[in-house]
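As structure tokens, the structure follows; a few thoughts come after it.
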Amino acid sequence: MRPGAIPCRVVTSARAPEPPPQHVRAAFGAKDATPELIDAGPVWRCDDVALRPATNPAEAAWVAKTLGDLHVPDLRVGRPLRSSDGRWVVGGWAACRHIEGRAEPRYDDIVSLSMRLHQATADLPRPKFIENRADVFAMADRAAWGEQDAPLDAALGGKLFDSLAEGRKDLELRSQVVHGDLFGNVLFVGDAAPGLIDFTAFYRPPEWAAAVVVVDALAWGGADEAILQRWSHLAEWPQVLRHATLFRLAVHALHPLSTERSLRGIERVARQVEAL
């Protein structure tokens, strides 16, 4: 899920997603297709084309080029599509080849995929757009790592953030390009390899990206608590979990659609992480 373009898994939009207009569908070769919303959106299937909003053209172009060149063992990739005139983005929409599958609660498989994926992205240069992002997710990321203060709502996670941050320590892990929002964005169908159709880029350690999956799975996916121990062999695991939890707390405390009810899951995870 793209920061700034796709709602966070913590909250849902109060307004139903709008389908891609006909001129956008036509530009990507799906003029006569009837748009079908995939799960809760905002991705729309138009025959064999998948269309999603793209509010940042530079980021969308980077994602297209990255996914176009990405090769990971046991991973299906929805290859990006150019429009009829060669653009990656048309009218605020980007496209890729549709791949079958739905999000499923196969969280250990997603963490395993995260580690394989980030072996393949280890040498990618840091994208320039990461430094310029100023959306909720970018602000939350910097706050979680102690790089920048953010106006966190105390009642919606800010107070708990401050408490958990007291135990935060610097990590000695190498940062690289990682996908920071795999939860809910990996597709499964039968025994086929998992599928990936998007890339939410952050520049953090791969262990942190794996920890974000675990935090999300515990907070909102109903994962069993033992998942914390199953991945405890990863380097600096208690601290990367703390950083990942701080990130999700900061997102929640900043997001305008957050509620006290949607905070409960991440509160539970914070207690579990604090006890490690």
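The CZ atom of R271 sits 12.0 Å away from atom CG of L164, with the distance rounded to the nearest 0.5 Å. From T66, atom OG1 reaches atom NE2 of H179 across 11.0 Å, with rounding to the nearest 0.5 Å. Going from atom CG of L156 over to atom CG of L263 covers 7.0 Å, rounded to the nearest 0.5 Å. How far CD1 of I99 is from CG of L196: 7.0 Å, rounded to the nearest 0.5 Å. If you take CZ on F188 and CG on D109, they are separated by 5.0 Å, rounding to the nearest 0.5 Å. Atom OH of Y203 sits about 8.5 Å away from atom CD1 of I130, to the nearest 0.5 Å.
When side chains are defined from C-beta on, E225 counts as touching Q272, because their heavy atoms get closer than 4.5 Å. Considering only heavy atoms from C-beta on, Q176 stays 4.5 Å or farther from D123 through its side chain. Using a 4.5 Å heavy-atom threshold, the side chains of P35 and R25 count as touching. At least one side-chain heavy atom of T121 sits less than 4.5 Å from a side-chain heavy atom of F199. Side-chain contact between L51 and V43 is absent, with no heavy atoms from C-beta onward closer than 4.5 Å.
In this structure, the side chain of R76 engages the main chain of A193 through a donor-acceptor pair within 3.5 Å.
Salt-bridge check for D224 with R230: passed, with a basic side-chain N closer than 4.0 Å to an acidic carboxylate O. Salt bridge absent: D47 and K31 never bring a charged side-chain N and a carboxylate O closer than 4.0 Å. Contact check on D141 versus R204 returns a salt bridge, with a Lys/Arg side-chain nitrogen under 4.0 Å from an Asp/Glu carboxylate oxygen.
In this structure, L67 is not a member of the same hydrophobic cluster as W93, with clusters built from ILVMFWY side-chain heavy atoms closer than 4.5 Å.
The side chain to side chain contact (heavy atoms under 4.5 Å, CB included) test with I266 singles out one residue from V215, D216, L218, V251, and that residue is V215. Partner C96 forms a side chain to side chain contact (heavy atoms under 4.5 Å, CB included) with one of D198, V77, I197 and no other, that one being I197.
When all heavy atoms of A120 and H71 are compared, the pair lying nearest together is CB-O, 4.1 Å. When every heavy atom of S83 is checked against every heavy atom of F28, the shortest pair comes out as N-CE2, 3.6 Å.
The ring-ring contact (aromatic ring centres under 6.0 Å, His included) analysis of residues 103-123, with sequence neighbours excluded, yields the pairs Y107-F183.
Around the CG atom of D149, the shell of radius 6.0 Å holds no more than 12 heavy atoms that belong to other residues, nucleotides or ligands. Within 6.0 Å of the CD atom in E172, the count of heavy atoms belonging to other residues, nucleotides or ligands does not exceed 12.
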Check your understanding: Between R45 and E100, does a salt bridge (Lys or Arg N to Asp or Glu O under 4.0 Å) hold up when you go through it step by step?
Key -> CA-CA 10 Å; R45 179 180 181 179; E100 295 294 333; 3.4 Å; yes

Check your understanding: After noting the C-alpha distance and the side-chain angles of W44 and V24, does the key distance pass the side-chain contact (heavy atoms from CB on, under 4.5 Å) rule?
Key -> CA-CA 12 Å; W44 295 81; V24 170; over 6 Å; no

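When hydrophobic side chains of Ile, Leu, Val, Met, Phe, Trp and Tyr are connected at separations under 4.5 Å, V89 ends up clustered with W88.
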